[in-house]
Peer 1: 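This is the structure I want to talk about, given as C-alpha cells.
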Amino acid sequence: METGAQPRTPPGVPRTAEIPPEVRESITDFLYYEADLLDERHYEEWVELFTDDARYEVPVRVTREKKAEWDVSPTARIIDDSKEMLQVRVARLNTEYAWAEDPPSRVRHFITNIRIHPGDTEGEYAVRYNVLIYRSRGELPRYEVLSGQRRDVLRETPDGWRIAYRQVILDQSVLATYNLSYFV
Amino acid sequence: METGAQPRTPPGVPRTAEIPPEVRESITDFLYYEADLLDERHYEEWVELFTDDARYEVPVRVTREKKAEWDVSPTARIIDDSKEMLQVRVARLNTEYAWAEDPPSRVRHFITNIRIHPGDTEGEYAVRYNVLIYRSRGELPRYEVLSGQRRDVLRETPDGWRIAYRQVILDQSVLATYNLSYFV
Amino acid sequence: METGAQPRTPPGVPRTAEIPPEVRESITDFLYYEADLLDERHYEEWVELFTDDARYEVPVRVTREKKAEWDVSPTARIIDDSKEMLQVRVARLNTEYAWAEDPPSRVRHFITNIRIHPGDTEGEYAVRYNVLIYRSRGELPRYEVLSGQRRDVLRETPDGWRIAYRQVILDQSVLATYNLSYFV
Amino acid sequence: MQTVNTASVPEFVQRMWHTLPEGRVPAKIFNDPAVYELEKERLFSRAWCFLAHESEVPHPGDYVLRWIGDNSIIVVRDEHGEIRAHHNRCTHRGNQVCKAEMGNASHFRCSYHGWTFKNTGDLIGVPYYREVYRESLRKGEWGLKPVRIDTYAGLIFGTLDPEAEPLDEYLGGFQFYLDFFLKPGPNGTEVYGPPERWVADTDWKICAENFGGDGYHTPVTHQFGFQLGFYPSSGKTHFMGYAVHIPGRGHLIGIGHTPGLPPFVGFPEEVVEGMQQALSPEQIEVFSPARMSVGTVFPNLSFLIQPFSLTPKQPGLKFCTMRLWHPRGPGKIEMFSWCLVPKDAPQSVKDELYRIYNLAFGPAGTFEQDDFENWTNLSRQNGASSAADFDLAYFQGLDWEPLKDHPGPGLAFTPYVTEIGFRNLWGTWLNYVSTPPGERVDPSRVPPAFHPPQ
Amino acid sequence: MQTVNTASVPEFVQRMWHTLPEGRVPAKIFNDPAVYELEKERLFSRAWCFLAHESEVPHPGDYVLRWIGDNSIIVVRDEHGEIRAHHNRCTHRGNQVCKAEMGNASHFRCSYHGWTFKNTGDLIGVPYYREVYRESLRKGEWGLKPVRIDTYAGLIFGTLDPEAEPLDEYLGGFQFYLDFFLKPGPNGTEVYGPPERWVADTDWKICAENFGGDGYHTPVTHQFGFQLGFYPSSGKTHFMGYAVHIPGRGHLIGIGHTPGLPPFVGFPEEVVEGMQQALSPEQIEVFSPARMSVGTVFPNLSFLIQPFSLTPKQPGLKFCTMRLWHPRGPGKIEMFSWCLVPKDAPQSVKDELYRIYNLAFGPAGTFEQDDFENWTNLSRQNGASSAADFDLAYFQGLDWEPLKDHPGPGLAFTPYVTEIGFRNLWGTWLNYVSTPPGERVDPSRVPPAFHPPQ
Amino acid sequence: MQTVNTASVPEFVQRMWHTLPEGRVPAKIFNDPAVYELEKERLFSRAWCFLAHESEVPHPGDYVLRWIGDNSIIVVRDEHGEIRAHHNRCTHRGNQVCKAEMGNASHFRCSYHGWTFKNTGDLIGVPYYREVYRESLRKGEWGLKPVRIDTYAGLIFGTLDPEAEPLDEYLGGFQFYLDFFLKPGPNGTEVYGPPERWVADTDWKICAENFGGDGYHTPVTHQFGFQLGFYPSSGKTHFMGYAVHIPGRGHLIGIGHTPGLPPFVGFPEEVVEGMQQALSPEQIEVFSPARMSVGTVFPNLSFLIQPFSLTPKQPGLKFCTMRLWHPRGPGKIEMFSWCLVPKDAPQSVKDELYRIYNLAFGPAGTFEQDDFENWTNLSRQNGASSAADFDLAYFQGLDWEPLKDHPGPGLAFTPYVTEIGFRNLWGTWLNYVSTPPGERVDPSRVPPAFHPPQ
Ligand code: FES
Ligand code: FES
Ligand code: FES
Ligand SMILES: [Fe+3]
Ligand SMILES: [Fe+3]
Ligand SMILES: [Fe+3]
C-alpha cells in the first residue's frame, strides 16, 4: 500500500541533472515566500499565487490494514477547492466575523525535503516536499504540530511561479486539532 | 496585524537574482554551523560569531485581537542582549553553578525556509528563516518544541559571516517551557 | 561533554569551497529520496541504498552530569545493524506478521541542516544533518516527534550514492515512544 | 466503577431538577469530570448510540470500527449479509482484535495468541486447544462479546443495555422527522466516503444542543455568510419556522422558514421527485417549505440540511450532513462528520453536494470552524470552578403554547428560534444521569419543558 | 465540587497543625491533587487575589485578561474611568466573551449568539429579544457576573468571596513594606510592557515562600553571580538583615543588609529623591540601608528589589520585579513576571532598569532559570507517594525573639535568613484550607511561628 | 493518601477472589486508575522491588537513579564499597539531590540551599549552620532517608516496608531458577552497558505475566521468526517443557523443551563450562535440556534466555535479557531493558551476545516491537468501562496435577504452555492489593492456582 492519492509522483530516482540550478533556486524561494505570506497572514497576496484553474486538495487519511489498496481516501476530502473557493475562504478571513481566527493563530510552516521533477507539461514542474506546521493560539501554552507532504504542480508564468495543483497528505487519520482555520 | 517588530523584512518578492549562489551557500552553511555549535554546546565559539555591536532580541508575543496594531510587543522582551550580555550568559553556563543546564538539555535547532535579502549596508544581508527547536532534558520522556522565525542581519567580515542583529519571533504568547536555559 | 560517539565529525568550520555544487545537490537529493522511500515504505529499495559493508548505529543516550565524559553511550545501542541485519528487518516488515506495523505507522522524516565534509577516503563524504521524525498510527489523534542528528558516511558508486555508515543520535534518554518499528 | 455512585452526583446536577423548569441550567454540566463519569456509567451505557450507516458496510465482511462510550465496537456485515456489532476485545486476554478503521474480513485473528473469531463473533480457532485446554474451555461461550443493535432507515444503532426498550420506542416518533434527512428517495441515502474525524476540547452536549435547532446562533456565529452574500435572507426573518421535540425522549429538530420560498427549493430535481415518492403527505407538508432543518437524536447524533454554494450569490444547493459528537473525556470529543447523499442521485450530483458540504463542514469548513471556536471556548469557561454555582439563561419560550394543528409527532412551537426543546433535551439527560445503575430510566419523569400561563 | 469536602482533607494536611509549630512541614503539600482541589475550593475562592496593575489599563476601555483560581477574569476600565472586574463568561451559554490578553473595548459581544455587554458588565444587546423572549428575560439580572475588587498603590486585587474582609484589613499593615516596591516616587510605579508569561511544573507555594525572603538559597542557587563577580559581597554577610511577617496573615518580607552600604545605594538619583518624598521616616529608616528586599503578599504575589548590572563588576542598579505564581493544576503554575519602574523616572532610566531586570528574570533570566530548576525538581520529588509521610525541616529561628524596637508593623527578626515567616505563611495557608466552605477564616487560629524559651 | 483505602477497592478486584480460582480474571485489572492507586499504596510500597545490578555500580561513589513505585531512589556504592539506597529528596525542602541517571559522586550537594549529603546519606554540610540554626537542627536525624535493600546474585532489591520479610524468604526458593540467568559462571553476570529505557501505554502486569512463561504467544506474536527461518522448530513442539511457580509468592518460570536438543545447546563453550561449575546437579538436570527459559520475579522483574542469530537459518546463540516493567501511571510503564552477559566470557562473546539481544529486544527489537503492539492495544481495550464486567479466560491447566519428581522448589507442570502460574501470579497480586495498610500480607491466603479432580 502506498499513501499516495492520484495524481502522485512516485519517489523516483533523483533527476537533478534535468532541473537547472536556477529553477531549483527560484522554486525553493517561491515556496518559502509563499509560506511566509501565510504565516504573516497576507492572504490576498497568497491566493493570487494560484492559477485560475488551480485545485487544492486535502484528502482524508484513513487507518487501514497494511494490505489495503489505499489509506488516502480517493473520495473523501477535508478541502477540495478551486481558486474561487480559496478566495471565499480568504474573503471570510478578512471579515470581522471569522471568529476562529480572531485572535489569529500563530502559524509557522516548515518546508523541507524539496524534490523537483519535470511536469507532464512544458513549463510545469511536479514538486514534492514535506511540511511541518506549528500552530498555537490564544493565551494557552498548548500548541499543535501537523505533519504532511505537499505534492504541487508549479507553473512558470510571466509573473513568476504559480500553483496549478496542490495536494496535501496529512499524517493523521483522526486530526489532533479542533479546526483547520489556517491553511496547511 | 503583522507579527513583525521593528526592524522587519516584509515577505517581499524573492530577489534571488541579486544574491550570488556562493553567498546563498555560505550563509546557509554558516547558519547550520552556528546551530551545530549551539546543539553541541560550544558556547565560546558560538558567541564569537556575533559582531561587537550585535544585538540579540527575543520580544514578548501577546495574544491580541486581529485588528490590533501589534502582537509582538514593541517594548517587552524575553531577551535583549548585547554581545557582552551574551558573553555573560556563556560565562555563566561554563561555571559549575548553572544548575538549569546540569544535566544539560538535549537541544536541536531545525533551520528551514532560509530567505536572503540584500541588507541596507554594503556587505550585509537580511536573512529571514524559520527555526524549530526540540529540547528534552533529564530522565523524563517529555520534550518541548518551540517554533519561531529568526530575522538576522549577517555581516561579511574577514573572518567570515558574523551576526550583527538577531531577532527571534516565538510562536507562543504563554511559553510552554519552564525556562529558556538554551539559546533560541 | 559533547554528545558525539565515535566516529564523529566535529562542527568544524564550513568548508563549502571544497564541495562542488553538484555534489551538494546530488547528496541533498539523495537524502530526500531516501527519506521518501522510508515514508512511502519502499523498504526493499531503501535497504539497497546501503553498501554491503554498511553499519547502522543508534546509540543509547544517557542523562549525565555536564562534566561527564559522554552522554552517548559508547557501548549500549538501540540498533547496531549490518546490511544483512537491516535486510532481516525489511524482510520481517514484509511478512504478514509484523504486527507492530499493521496498520502501518504514518511517518515523515524532516531533513534539515545538511552539512557536508570531505570524507577520509576518496569518493566518500561525511554528512551531518538533523532529522525530525513525525509519527502517528492507528485511529488515535496522538502523535510522536523524535529529534536527532544523523552522521552519515556516503560513498559514491557507479549506481549513485550509497550509505556506508550511519549513526543517529537521538535527543532523548528515555524514549517517548512505545517502539521504534520505523527507521529513524 | 465504585468511584461513581449516587453519592457522587454533583450538587449542581441535583439542583437542576429545580432550576431547569425555571429556565436555568448550571454551567458546569458542560464540562466536569464527575459529570463525564456519570455519563459513562448511566447514559452511554444505556442509550441507543449511533454506530454507522449501512452504506459504510455494503458487502459481506465489510467492517468499520466505532465507539459506544469509551468502548471500541466492531460493526461488521457477516457472510450472510447480516449486520452485527461486537466488542473489539479478545476474550482470552482482552487484546484488540480489529485495528483498522474500516476494511473487509471474514474473521478476526488476535495477534497475541492467535485466537480466531468469525465475523459473526464465533470463536473458531484456539491454538494448541487439545494440548493445553483439554475440557476446560467451552468455545461456544467465548466468542466476541456481542452488542445489541437495531437499525432505522440505514442508521445502525447499538446499546450496551440488554434491558433497553426497542429502538422504535426509543425514537418515539422522531422517525417522522428523520425521514427528511434519510429518505431523499425510495432507496434512501448513502455516505459519501469515510467520515472526517478530529478531536476538540468541547463538551459533546453543547454541540448536540446546537444541532438540535439553535437557529439563534446562525446570524452571529456564521455572520460571514450574510456578509459575503451567501444568504439572500438578511437574517431578519431567520428566526421564523418551527421547533419540535419529543417529550421525555430528548430528540428535537428545528425547521427554518423564509416566507415565500418555493417548495423543496434548492434540491436537485431528481431529489425532489424522490422525496415526493418517499415521504408522506404530512411529511411533505412539514418539510417542503423548509429553508433548512437541523436536528438531534438523543444523545449525540445530529443532522443538518441547508442550502449553500461554492461561491456567494449563487442560488445554492441543499446538502445533508450527519455528525456524531462522540465524548472522549471530560470536555473532550471526537468528531465524526459525514455527508449523506441520495443513493439514487447521479454521481455528478453526489460530487457537487459533497463539495458544497465540504466548504461548509469538516475541520476546515467555513461554518464548522466558528462553531468549534465557540464550543471550545464555552466548554473551557464552563469547566472552571465558578461555573458550579453559575446558572445559564434558558428562558426562550418558557411560557409558549404548542401548536394545535401540527401534523407530526411530538410538540411543535413557532418560531423556530426557542429553547423549549433544549430544556427537554437536558431534562432527558438529567433523567438518565440521575437514575442509578440497576433502575430503569422512566421518560415520564422528565419535567415539561414549558408551562403556558393557565 | 462534592469531590472536595472536609472528609477529603488529606491526613498529611491535618497533621500539619501539630508538626508545623515544631518546625516540620509534610513534603506532599507541595504537590498533590487533593491539595490543589482544596486550594481551589477554600483558598483562591476566598483570598484577595492579585489581578493587575492600574498602569496596565490606563485608558477607558483598556482591559487585560487575568485569573482568580481557575476562573478567567476581565479587568477593564469603564467609560467613566472606573476599574471593574467581570467573569469572562457569557450569561447565556457561558461562552468566553473576551479572548485577547489585552486590548481596548467599549463592549464585549459574544460570538455565539451575539449577546452584548458594556464594559461595565451590563447586558445591553440581545438579538431577537422581542421575538423569542417576550417577558421572560430580565436583562438587568443577566450582565456579566461582577468580581469584587479593591486596590492599593496601583495594585488591583479581586476576591470571589462577598464576605471577605476589606483589602486593607487583609493586608494587615503589610502596606508599610509594599510601599518600598510601589512608591519610588509620589506617582508610584508603572509596568514596563506586558508581563512575560510561561508555564512550569512547580507548585506555586515554593515560589511564594522563596520570594517571601529565602535569602538562604541565594549564595547557592545563584552562586554564579558571586563566581562571575556580580556581587561585591562574598556571601559571608549574605544572611544579615531583617525578616518581617504579619502574624495570621501570611504576608512576609526579607530585607538584606550588608554592613557599611551607603543609604539607598544603587537607586538612580531621581528615584532616591522620589522615595524620600513618598516614604515615611520609619519606612526610610527600614529601607534606606537595605541591600535588597523581597516579599510576598499572601497567597501568591511577590516583589523583589535587588541590584544587578549588565556585566560583572559594575556598581549595579536596583530594579524591581513583581511576579504572580498562578496555580494551573496540581504542581503546575502559570508565571507572570513584570518589571515595575518609577513612573516619574526618565525613559532612559526605565529602559536601563528593564534591561537589567531582563538579564536576571523572565524565562531566560540568569536568576530565574536556576530558581525554576530547583522548584520544578522539588515539586516532582514532593509529589511522590513517599512524600506523604516525609516531613521537611523548617527549624530556622524556632526559638528566636522578635525585635523590640522595629519601627514597622508585624514581627521583625534578625538575621534576615530565617524560616519564621515561612511557618507563619504555611500556618495561614493551613488555616484557609482547613476552614470548610461556609465558615469564616479566622486569622487568630494561626499558630505562632516561633516560641522563645520562657 | 486518603483517596485510597479499603473502601475504594473496585468491585471487580473484590470479585476476583471468587473468579480467579475458576479461571476468570476481570479485564479491568489490566488498566484502571483505582487499581494503580492500590498498587502504589499496597504493592510497590511493600514488595521487594528491583533497583539495579551490582555491576552497574562497580566502584565506590558509582550511582544510578532508579524507582520504587513513583519514588526516585539513588542506588550508590559508598566509600567503603557498601551499596546503599536513599530517597532522592533533600530533607530541607525536598529538592532532588541527584539528577543524573548514572555517575560517580562522593557526596550530593543540593542546588537549592546547599545542604550536602555524603553518599552514605549522612548530612555533612549545612550553610550558615551556626548563624541560623543554633541548637534547633540535629544533623544526625536529617540525612537522606535510607531505603532498605538486600541482594541476590548481583541483583539489588529495595523495599519501603520496614516490616517486609527478608529477601530470601520473599524469593521463597525461586533462587534455584534465577541462578540459570545469573550464574553462567562462578563470577556471575554483568550488564552490557546502561539499559535501554522507553515509555509505553501498557499496564505492567501483562508484561510481567508474558515473561512469566507465556510460551503460548510466541508462535503467533513472533510468527515472523518461524516465517523467516530463525527457528528450526516448526512451532508444533513449541508448547513442550515445564512451567514452575512458587505458591503464594507469585514468582514463576517457563522452561521450553524441544525433543532431542543436545544439552546446553546454543551457549558458547566457555559459558557451558561456567554453568557446569556454578550450577547444582539438580539445576543442571532442569536447565541443560532447555531450549529457552523465561521467568518473572514478583512483581515486575523478568528474565529471558533464548537462542537467536543475526541472520536466519544460523545455529543461533543464547543471550540473556533482564527487564523491569516499571509502572508510571494507570496503564503506563517505563521500560528498562538490560542485556546480561557472563562476567567471565571474552569481550568478543559479550559483544556478539549483545548484538543478538539488540536485534531481538529493546525499543527497536524485532520481538519487542510486536510484544508492545499487543500489550498497548490490550491495555487500551481493558481500560474501557465495559472491561469492568468482562472476564478474561484463564482456563489452561485448571485441573492439572503437579509433577511428582521435579527436582526444584515450587510446583512444576508440563507442558510449558499453561496458565497455572499466571493464576498464582494474580492471586499473589490480589493478596497484596486486598491487604489494607497496616496489616501483613499473608502468602497462605493466596488461593491454589489449580485443583486436580479428587
Ligand atoms: S489475547 Fe487474544 S489470543 Fe490471547
Ligand atoms: S453564549 Fe453568549 S450569546 Fe449565547
Ligand atoms: S532544599 Fe535542599 S538545601 Fe534546601
Ligand atoms: Fe453553527
Ligand atoms: Fe532565587
Ligand atoms: Fe514475546
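When reading the values below, keep in mind they use all heavy atoms of this one structure, side chains included, and skip hydrogens, waters and symmetry mates. No experiment lies behind these values; they were computed from the predicted model shown.
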Peer 1: Give a yes or no answer on whether the side chain of Asp370(E) reaches the backbone of Trp99(B) with a donor-acceptor pair at less than 3.5 Å.
Peer 2: yes
Peer 1: With rounding to the nearest 0.5 angstrom, report the NZ to NZ distance, Lys66(B) to Lys99(E).
Peer 2: 10.0 Å
Peer 1: For the candidates Ile78(B), Thr95(B), Val58(B), which exhibits the highest count of non-hydrogen atom pairs separated by less than 4.5 Å from chain E?
Peer 2: Ile78(B)
Peer 1: If you look at every heavy atom in Arg380(E) and Arg142(B), which pair is closest and at what distance?
Peer 2: NH1-NH2, 4.3 Å
Peer 1: For Val199(E) versus Ala176(B), what's the shortest heavy-atom pair and its separation?
Peer 2: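 Nearest pair, atom of Val199(E) first, then Ala176(B): CG2-CA, 3.9 Å.
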Peer 1: If you take all heavy atoms of Pro194(E) and Ala76(B), which pair is closest and at what distance?
Peer 2: O-CB, 3.6 Å
Peer 1: Please classify the contact between Leu140(B) and chain E as side chain, backbone, both or neither, with a heavy-atom cut-off of under 4.5 Å.
Peer 2: side chain
Peer 1: Taking all non-hydrogen atoms of both residues, which atom of Ala91(B) and which atom of Leu228(E) are closest, and how far apart?
Peer 2: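 In this case the closest contact between Ala91(B) and Leu228(E) is CB-CD2, 4.0 Å.
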Peer 1: Taking the side chain as everything from C-beta on, heavy atoms only, tell me whether Tyr178(B) gets closer than 4.5 Å to Asp201(E).
Peer 2: no
Peer 1: Any non-hydrogen side-chain atom of Ser73(B) less than 4.5 Å from a side-chain atom of Glu196(E)?
Peer 2: no
Peer 1: Between Phe230(E) and Val88(B), is the side-chain contact (heavy atoms from CB on, under 4.5 Å) condition met? List the steps.
Peer 2: CA-CA 10 Å; Phe230(E) 273 100; Val88(B) 166; 3.7 Å; yes
Peer 1: Working to the nearest 0.5 angstrom, can you tell me the gap between Ile79(B) CD1 and Arg355(E) CZ?
Peer 2: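 Ile79(B) atom CD1 to Arg355(E) atom CZ measures 12.0 Å (nearest 0.5 Å).
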Peer 1: Among Thr177(B), Val184(B), Asp81(B), which residue forms the greatest number of heavy-atom pairs with chain E at distances under 4.5 Å?
Peer 2: Thr177(B)
Peer 1: Nearest 0.5 angstrom please: Ile356(E) CD1 to Asp80(B) CG, how far?
Peer 2: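 Taking CD1 in Ile356(E) and CG in Asp80(B), the distance rounds to 12.0 Å.
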Peer 1: For the backbone of Asn179(B) and the side chain of Trp198(E), can you confirm whether one donor and one acceptor N or O come within less than 3.5 Å of each other?
Peer 2: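 Here the side-chain-to-backbone pair does not exist.
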Peer 1: Among Gly365(E), Cys339(E), Gly225(E), Ala100(E), which residue forms the greatest number of heavy-atom pairs with chain B at distances under 4.5 Å?
Peer 2: Ala100(E)
Peer 1: Can you tell me which portion of Thr376(E) sits under 4.5 Å from chain B's heavy atoms? Options are side chain, backbone, both or neither.
Peer 2: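 Thr376(E) touches chain B through side-chain heavy atoms alone.
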Peer 1: Tell me if a side-chain donor or acceptor on Arg92(B) pairs with a main-chain N or O of Phe224(E) at a distance below 3.5 Å.
Peer 2: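 No; judged by distance alone, with no hydrogens or angles, the pair does not exist.
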Peer 1: Can you tell me how far the OG atom of Ser309(E) sits from the CE atom of Met85(B), to the nearest 0.5 Å?
Peer 2: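 Taking OG in Ser309(E) and CE in Met85(B), the distance rounds to 10.0 Å.
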Peer 1: If I measure from the heavy atoms of chain E, does Val62(B) come under 4.5 Å with its side chain, its backbone, both, or neither?
Peer 2: both
Peer 1: Side chain from CB out, backbone as N, CA, C, O: work out which of these in Gln227(E) comes under 4.5 Å of a heavy atom of chain B, or both, or neither.
Peer 2: side chain
Peer 1: So, for Glu373(E) and Asp102(B), which heavy atoms are closest and what is the spacing to 0.1 Å?
Peer 2: OE2-O, 4.2 Å
Peer 1: Sort Phe336(E) into side chain, backbone, both or neither according to what part of it lies under 4.5 angstrom from a heavy atom of chain B.
Peer 2: neither
Peer 1: Is it the case that over 12 heavy atoms from other parts of the model lie below 6.0 angstrom from the CD atom of Glu122(B)?
Peer 2: no
Peer 1: Once rounded to the nearest 0.5 Å, what's the spacing between atom OG1 of Thr311(E) and atom NZ of Lys83(B)?
Peer 2: 14.5 Å
Peer 1: Taking all non-hydrogen atoms of both residues into account, name the closest pair between Pro195(E) and Val60(B) and its distance.
Peer 2: O-CG1, 4.0 Å
Peer 1: Looking at Arg77(B), is its backbone amide N or carbonyl O close enough to the side chain of Asn358(E) to form a donor-acceptor pair, meaning the two atoms are under 3.5 Å apart?
Peer 2: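 Checking the backbone N and O of Arg77(B) against the side chain of Asn358(E), a donor-acceptor pair under 3.5 Å is found.
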Peer 1: Please rank Glu96(B), Arg55(B), Glu101(B), Glu84(B) by heavy-atom pairs under 4.5 Å with chain E and give me the top one.
Peer 2: Arg55(B)
Peer 1: Inspect the surroundings of CG in Asp53(B) and state if more than 12 heavy atoms from other residues, nucleotides or ligands are less than 6.0 Å away.
Peer 2: yes
Peer 1: Under a 4.5 Å cutoff for heavy-atom pairs, which residue among Tyr97(B), Tyr182(B), Phe183(B) has the most contacts with chain E?
Peer 2: Tyr97(B)
